[in-house]
Structure formats: C-alpha cells, structure tokens
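To start, the structure itself, in structure tokens.
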Amino acid sequence: MIAQNVVFWILAVAMVLAAIGVVRSNNLVHAALYLVVVLAGSAAQFILLAAEFVAWVQVLIYIGAVIILFLFGIMLTRAPMREDLALDNDQRLAAAVVSLFLLGVLSTLLIQAFGDSKIDITGPQGSELVNNGRAGTLAESIFSTYVLPFELVSILLLASLIGAVVLARRD
Amino acid sequence: MMNFAWLIPAIPVVSFALILFFGKKMPRQGSEIGIAAIASSFVLSCIVTVQWIQRVDETVSEHGLGIVRAIGKGLLANSEEGVAITPVINTVEWFRIGTLEVAVGTQIDGLAVMMLFVVTLISLLVHIYSTSYMHGDVRYTYFYAALSLFTASMLTLVVAPNTLQLLVGWELVGLCSFMLIGHWWEEKANTNAALKAFLTTRTGDIGLMIGVIVTFFAAGQTFDIVQINVLALEGHGGHTIWMVGASCLLVGIIGKSGQFPLHTWLPDAMAGPTPVSALIHAATMVVAGVYLGARMYGVFWQGFSIADGGVNPMALVGGITILIGAALAFVQDDIKKVLAYSTISQLGYMVMGLGIGAWVGAVFHLFTHAFFKALLFLGAGSIAYSGTHHSFDMKKDMGGLRKHMPVTFWTFIIGSFALAGIFPLAGFWSKDEILATAGQGGYEIFMVVGLVGAFLTAGYMTRCVWLSFFGEYRGHAHPHESPKPIIVPLIVLAVFSVLAGLANASAFGIEKFKEYIEPHGEAFPEVLTPQFDVGLAALSFAIVVIAIGVGGFFWVDRRELRALKGLTDRSGTAKAGHSFLMNKYYLDHLYERGIVGGIKGPIARAAYWLNQNVIDGVVNAAGRGSAALGRLTYRFVDQDVVDKAVNSIAQETGNVGGLLRYVQSGRVQRYALMLFGAVGVLALSLVIFS
Amino acid sequence: MILAQFLVLAAVLFCIGVYGVLARRNGVLVLMSVELMLNAVNINLIAFSAYLRETSGQVFALFVITIAAAEVGVGLAIVLLIYRNISSPDLDQLDQMSG
C-alpha cells in the first residue's frame, strides 16, 4: 500500500506542476509538451488503479494522436513560438479567483462525501480489479450493455470528421 | 379502424422521408408520392369519420329514443344525464420519468375527426393544385417533402391525447411553416418573412410551454388532456391556477392564430408560395391555436369563468382582432394580403366564439372557414398563375378578369359570399351560430362586435372582388383560364363552401355538427345551445347585403363619387388615418425598433424613438383622427389603453436591456467566467444548505 | 489508497483547466485546457470504477477519450477558421457579439 501511495504522490505532484505549466507557459510548444506530461501521468494513475486497457488507450489516443493534432494546430495558426507575454488575457486575476474558489468548493465537497472510502487493491479483490481492467472484460461490456452508445459514438466521430473537413476547407 | 388512427399521421411522415430520398428519381419528381400518401390519409380519415358517427349513433340508441330526440332538438346539454360518448384513446409508452409515464398515441373524438377530415382534404387539394402551380420550380421535390411533413405535423397535433405530444406537433408545424414560407429564400424579403413568422409564433410558444407546465401541475402531474379538462372543470386546486394556465395557453393561441397583438407575422407569411398560404391559413398552422382552445376547453371555461358572461381576455382578444384585421384589409392592394387580414379577422371570430362559450360555433366556423378561405387563396393563386403573370397587385395588374377566367371568377365569388356570410352559404351558418350564442349567453357587446365585423368583411370582399374581376384589365399579361389541376380543387372547394354550412343549419333543425362533434361528458362544460334567432340572422344578413351594396356603390366607377375617392390624397385628416392603417397601427415598428432595438441599443435612443414615433404618432393620429369624418372614423380602434401599456412595457424592456448590455461583452471567455463563477456559487450553496 | 486522493487530484487538474479556459487568449491553448478538464473527469471515472468494482466507469472513460478526440478535431478546425478570418488565433478579438 505504501509503495502505491508513494508512486501516487510523486505522479500527482508532477501532474499538477505540469498542468500549471500548460496554463502558465508563454510558449505554445512547451505548453503542448507539458500537456504530454499530464496525460502520461494520468495514464500511469490508471495503471495504479488497475485500468490497464484504458491506460494504453490514453497513451495511444491522447499522446499519440491528440497532441500531434495540437502541434499541427499550433503550426497552422502560425502562433508565436517565442516567449510572449500576450498569451494571457486581461481577466487572468478573475479567472484565478474563480478557479481557486471552485477548487475550494469541489474539494470540500469531495472530502466530505468520500473522505474515508478506501480502494482495496490487495488480495482476491485486487485480482478482480485487474480482471475488470482487461480488454476482454471491457469489450464484453461495450458490446453487450453499451452497444448503442458505442454505435452513437462512432456516428459522432464520423460527424466530427466531416464537420472538421467542412470547417477547415478553403472555398 | 379507429384503433389504427395512428396511420393517418404516420403515412405522410413516411412519404416525407421517401420524397426526400427518392423524390428526384421519380418520373414526376416526388409529387406522386406526396399525393398518394395524402390521398390514403384522406381515405383513412373518411373511414374514421364514418366510424365515429356510427359510434355516436350506437351510444345514443343504447340510451333509448328519448335522448335521440333530445339530441335532435339540441337539448342534450340541458338535460341532466347527458350521454358520455368517450373518445377512443390508444397510446403506447413514449418514455418514463420516475413514476410519470408519458405516452404517445391517438385520441379520436368528434373534434379530432372533424380536423382530420379538413386537414387531409385541404392538404390533398393543395397537393394536386401544386402540381401545376409549382411546376418547374427549382425545389419542386423539396416543396412536396415539406408539404408532407407539414401535414403530418398538423395531424400529429390533432390526434394528440396529451399536451406533450400536442406541443411536439405544434412546434413541428411552426418549423414546417418556416421552411415553406421561406421556400423562395433567394429573395431577402422571403427569408425575413419566414424568420418573422417563426420568431413571432415562438414568442407565443413560450406562453404555451408555460401553460403546459402549469396545467401539468394543476392537474396533479399529468399531461393527459381529458384528465386536465375534467380536473379543470371541477376547479381542482382552486380557480387561480387555472386562470394562470388559461392565460398562458391563450398567449400560445395569440401567437399561433395571429391574434392581436401578435398578428403581424401573418400578412408577411404571404411571401411563401400561394398553395402554402392556403394550407397555412385554412387547415394547418393558424387553426392550430383555435384547435388548442377547443381541445383544452375545460381549462379556459374554468380559468376565464366563461359561463358568467361579461368580458374575459379570450373574448376580448378575439373581438379586437376581428375589428383591426377587417379594418386593415381595406387598405391592402395585394390580394393575398387582403385575404391574410381577412383570415386574422375570421380567426378572431373563432377565438371570440371560444371566449364567449360558443364552442360549437367556433369549431363550426373553423370547419367552414377552412373551405372558403382555402378556396379564396387558391383562387388568388389561379389569378396570379394565369391572369397576371405572378403578380398579386389588384390595382396594377388585375381588373376585368371575369371574362377571361370564368371558373376562377365564379368560384371566387362563391368563396367571397361564403366568407361574407350570404345565406345559405357556409359562412352564414357558422357566423350566425357564434352571434346567436353571444346574444343569448350574456355577451351582447361581442355580438355587436361580430355584426360590425360582418359589415367590414362584406365591405372589403366587395372591394377585393371588384378590383380583381370587374372594370378594365390593367395588367400586361394575356389572361386565360387556369389548367385542370388548379380548376378542379377550386370547384371541389366551392362545392364544400356552399354545402358545409348545412351540416349545422340550425334554422332547418339540422344540428349534425352539434350531435357528432360536440363532446359530452365530464371533460366538457355544459355549453349553451343557442336557439335559432330569425331576427338576428335577418339582421346580420341585411348588414352583409348593405355592406356589399355600399361597397359596390363606392368602388364602382361613378362620377358623382369622384369627390370622395380622392379623399385620402387631399384631406390631411383622412390621409393620416389612411397612413395609420397602411402602417398597420405601427405595431411592426414598435416590435422591430421598440423591443428588438430597445434590447440592443442604449436607453436614450429607445426612449427618444418611442417619444418621437409612437407617442407622437399616436397622439397626432388620435388628435387628427378625432376630427376625421366619413368612412375612416369607424376604423379607429381605441388605441390609448393598449398603446400605453405596450409603450411602458417597451420602455421597461429598454431600461433593463440598457443595464444588461454591460454584461454582453461579446467575449466568450467573459461569459465562461460568469458561468463558472455561478457554478461555484451554486455548488457552495449546496454544501451550505445540505 | 483512499478514493478521495484521486478525486482531489482530479479536482485540482479540473480547476487548473478552468483557469486555462478563462485566462488564455490563444485558441489552441484554450483547447489544451479543455483537454485538461476532460482528463480530470477520466481520472474520476476510473477511480470510481475501481472503488465500486464496476467496468462501467472504464467504458465511460473510453467514450470520453473518443469524444475528446472528436472535440479536438472540430475545435482545431474552428480555431483555424478563426485564424483565417481575423488573421490571428486570439479569442479576444472575437467580440462581434458585443451588445
């Protein structure tokens, strides 16, 4: 248990710092790279929670595809790659206040509600967890209980594909 | 068959999809699918109608001969143990929220049967008419698809057993009318008209939505229409909540049925193709509001205390609409606009009829009006198609068409006479029914309003017929009679315009309409059955004849009347009144600049504008108007009260808008900041209060 | 491990994302911040999935990842369009809706 906790905290600190980097960095490419750290960190957290398949999907889709897309976006909009103070707007302070306020409310609420709930990952329950995280188990769930949402998601992907093409097309 | 009534709206839905996907590949570009679908819906509607009549007969015969005789004399509503002829309701579960089950299905009763028949018949005729009228149109297939969907939505609304399904049908009708009014969207004016129709009716729809919610809670959480009516009549939960509910629903009716003060969209809706205008004005869109009033009658009966007589909002709105609609019809040069204002005025009769307890009269008027108004619109379309090269301007392009287009002329004459209320055509009977109920139910003022309306109606129709069919031809086309697909629907409608009134010719003791259409039982109030009043009927007939005479006398080219004719050009006062009417009481200006602009612009501008245009305009017009004599004086409506109320509302809206515009920075992130802040505050309040 | 530590971590990431969405001028950066928020949701879903011993949470996380990918695609197309129209990815200049 202690080992997992140590790993969790190391990861958590790294993720939070990287996330702050994403929103505070004055260089767009750096921000994208910080985002990679956050996403990879959460993939590691997923493994910690025995969600193996989701973790790999996270690495493949997010880090593999989404980040590349972002880098292309940065390139195509010819955003300044140099240090630039103008990346933040004038409501920075208000935004900080609002998000800190939101954080306070959210964490109070969460600790109040789930303060002493434990996740048990040892013994037979642990192996059940590991089993739950396997691709096969998830596939059964997706193609039986969630088959309709799954189909809907595929239509959504198609729609967004066409939408993105239509939007970005020069005409 | 009554258990399979869901097929009637389902068939046009299917045809909509078929036309959309395969229409272009069909030999006649999809029109044949639409016609076949509507025709089968029409046949099914006829079957349902016959079965309903049989059902009523059976129920009545089970209860013995005495009641049959009582119904024959129209005394059933007065006899204490009326036979309850229950509607045939078939539903399937649509969705379920907690314990609340929301159903979708069909409710077949007299009212629904009547509407099914009218909607499918008119729609079928419009479909046939359009094969010729819309021939060669760029979006011919699309037009037929939209027509199918339009009909399907109206049929969905008509058979709705609960308010939620009714709301769905209602909104679909609005959407389809938007599509069809803006059918020729290449011209900016048409797009604007479509948008205006959509947004104005939307304003009323908010009322309907709130009304649905209010009645839902007032009736103990149910959407079921029968149950809502029953509970409303019992006064379940107190009178006030039903009054609120009825008022909200009335706002919906005002928006949809073009009642004052939200009538301004209807004339602009003439931008759509003429068959669409006929469909909108006769059978679908605008009568949806009246239908709602008839369907939820228990709520209105209770909410507005209709049984007590006197004045209530519903009758008042209807009465005002009769007069202003009819007055506006006098100054239009566009034949379709004359008919549009005439529709507004006739819808006023229906709403007023509902408001004064003349349920049968109102529904009967809806029935007869559907035929002759469709006839008139299609006739106007026929003129434009073959007589004037697509112009609707009576003064510039018409005149003398009587000789060139005999069938159109005669059918148009029949339609006009039916509309004006000439004995024994359709309009006479239905209008008389409403007036008689008004006279005998303690609503004498509204009877007078109705008689004045009848006078005006006959007047403007005389003007319209005179300008289009008599005198010299003023256009530049080669007028000839229209082809068969246009002529045949005109003749069919003319036949109905002549005969439909006999369905409830109370003078002859025929009260089929009352017998089969009027619901009996606890979901329907005991409405007054008026006795046929020969004196009143004779009076209204005389008024109509006089109006036609006066109109004819005035518009026929007579030298001694020249002095009167140029009146609007020479006399300042008459001109003021004329332009007041031409500008449609400045209501459009008020809406566009006062309300829309008031929200957008700074307070000062709104106040300045209000001061300059509306208040000044009204004061000036009123000042001059008081001096105005002759034919214009009777057209003035007392604008003082209404306008002051509207003005102060607009001014307040302007003030609030001026304050709120600082929030409207137009920057998405500013909005997001407020959003997240608000979410945080809400979450905090949840933490604190739980 | 306790559940709350994952939840609070997710809340922190979410709020950092909110800050980014509110305070960044560049459209691409705003989208990145949205990704942060979505990712925080995913951590919540997985944590609850482990806590309740349910696969549903992971299935939903997969859906969220898919939808996030779709959202980035459309979002970047929109940013591209904005850039093409006003020659800048700055969201500040998009104030045509100002009242």
>> Less than 4.5 Å to any heavy atom of chain C: does that hold for the side chain of Ala32(A), its backbone, both, or neither?
In response: both
> Between Ile2(C) and Gly115(A), which heavy-atom pair has the shortest distance, and what is it?
Replying inline: CD1-O, 4.0 Å
> Going from OH on Tyr146(A) to CZ on Phe60(C), what distance comes out if it is rounded to the nearest 0.5 angstrom?
Replying inline: 4.5 Å
> Any idea which of Val28(C), Asn39(C), Val8(C), Leu7(C) has the most non-hydrogen atom pairs under 4.5 angstrom with chain A?
Replying inline: Asn39(C)
>> Looking at Tyr34(A), I want to see if its OH is surrounded by more than 12 non-hydrogen atoms of other residues, nucleotides or ligands under 6.0 Å.
In response: no
> For chain A, which of Val79(C), Leu36(C), Val12(C), Ile82(C) has the most heavy-atom pairs under 4.5 Å?
Replying inline: Leu36(C)
> Would Asn42(C) and Phe46(A) satisfy side-chain contact (heavy atoms from CB on, under 4.5 Å), going step by step from the backbone distance to the final call?
Replying inline: CA-CA 9 Å; Asn42(C) 270 351; Phe46(A) 293 168; 3.9 Å; yes
>> What part of Leu52(C) gets within 4.5 angstrom of chain A, counting heavy atoms only: side chain, backbone, both, or neither?
In response: neither
>> With rounding to the nearest 0.5 angstrom, report the CZ to CG distance, Phe53(A) to Leu62(C).
In response: 6.0 Å
> Which bit of Leu81(C) is near chain A, if near means a heavy-atom gap under 4.5 Å: side chain, backbone, both or neither?
Replying inline: side chain
>> Does Tyr51(C) form a side-chain contact (heavy atoms from CB on, under 4.5 Å) with Lys118(A)? I'd like the steps, not just the answer.
In response: CA-CA 7 Å; Tyr51(C) 173 63; Lys118(A) 286 195 165 44; over 6 Å; no
> Distance from Leu13(C) atom CG to Ser42(A) atom OG, nearest 0.5 Å?
Replying inline: 7.5 Å
> Do you know which two heavy atoms are closest between Leu28(A) and Met32(C), and how far apart they sit?
Replying inline: O-CE, 4.1 Å
>> Let's go through Ile43(C) and Met15(A) carefully: what are the C-alpha distance in whole Å and the side-chain angles of both, what is the deciding distance for side-chain contact (heavy atoms from CB on, under 4.5 Å) to 0.1 Å, and is it a yes or a no?
In response: CA-CA 12 Å; Ile43(C) 294 179; Met15(A) 281 165 76; 3.7 Å; yes
>> Taking side chain as everything from C-beta outward and backbone as N, CA, C, O, which of these in Val153(A) sits under 4.5 Å from a heavy atom of chain C? Side chain, backbone, both or neither.
In response: side chain
> By a 4.5 Å heavy-atom criterion (distance strictly below it), what part of Glu140(A) contacts chain C: side chain, backbone, both, or neither?
Replying inline: neither
> Is chain C contacted by the side chain of Ile20(A), its backbone, both, or neither, given a heavy-atom distance below 4.5 Å?
Replying inline: both
> Which atom names give the shortest non-hydrogen contact between Ala77(C) and Leu167(A), and what distance separates them?
Replying inline: CB-CB, 3.8 Å
> Hey, which of Ser33(C), Ser49(C), Ser56(C) has the most heavy atom pairs under 4.5 Å with chain A?
Replying inline: Ser56(C)
>> What's the separation between atom CZ in Phe14(C) and atom CG in Leu102(A), rounded to the nearest 0.5 Å?
In response: 6.5 Å
>> Tell me which of these, Ser117(A), Ser107(A), Ser160(A), Ala164(A), has more heavy-atom pairs under 4.5 Å with chain C than the rest.
In response: Ser117(A)
> Looking at Ala70(C), Gly73(C), Ala4(C), Ala10(C), which has the largest count of heavy-atom pairs under 4.5 Å with chain A?
Replying inline: Ala70(C)
> Can the ring centroids of Phe114(A) and Phe6(C) be said to lie less than 6.0 angstrom from one another?
Replying inline: no
>> Does Asn132(A) form a side-chain hydrogen bond (donor to acceptor under 3.5 Å, both in side chains) with Glu54(C)? I'd like the steps, not just the answer.
In response: CA-CA 7 Å; Asn132(A) 275 351; Glu54(C) 264 272 352; over 6 Å; no
>> Please find the pair of heavy atoms, one from Gln91(A) and one from Leu22(C), that lie closest to each other, and give the distance.
In response: NE2-O, 2.9 Å
> Is chain A contacted by the side chain of Ile46(C), its backbone, both, or neither, given a heavy-atom distance below 4.5 Å?
Replying inline: both
> What residue, out of Val72(C), Val30(C), Ile67(C), has the most heavy-atom pairs lying under 4.5 Å from chain A?
Replying inline: Val72(C)
> Quick one: does Glu35(C)'s side chain get under 4.5 Å of Val38(A)'s, heavy atoms only?
Replying inline: no
> Nearest heavy-atom pair of Ser25(A) and Arg24(C): which atoms, and what distance?
Replying inline: O-NH2, 2.8 Å
> If you tally heavy-atom pairs under 4.5 Å against chain A, which of Val18(C), Ile78(C), Leu29(C) wins?
Replying inline: Leu29(C)
>> Set out, in order, the CA-CA distance, both residues' side-chain angles and the distance that settles side-chain contact (heavy atoms from CB on, under 4.5 Å) for Leu106(A) and Cys15(C), then state yes or no.
In response: CA-CA 9 Å; Leu106(A) 263 181; Cys15(C) 291; 4.2 Å; yes
> CZ of Phe101(A): more than 12 outside heavy atoms within 6.0 angstrom?
Replying inline: yes
> Hey, which of Leu129(A), Val16(A), Val165(A), Asp116(A) has the most heavy atom pairs under 4.5 Å with chain C?
Replying inline: Leu129(A)
> Tell me, do Val98(A) and Tyr19(C) make a side-chain contact under 4.5 Å, heavy atoms counted?
Replying inline: no
>> I need the single residue from Asn131(A), Leu138(A), Thr145(A) that forms a side chain to side chain contact (heavy atoms under 4.5 Å, CB included) with Thr55(C). Which is it?
In response: Leu138(A)
> Can you say whether Ile16(C) sits under 4.5 Å from chain A via the side chain, the backbone, both, or neither, judging by heavy atoms?
Replying inline: both
> Any idea which heavy atoms bring Leu80(C) and Ala168(A) closest together, and the distance?
Replying inline: CD2-CB, 4.0 Å
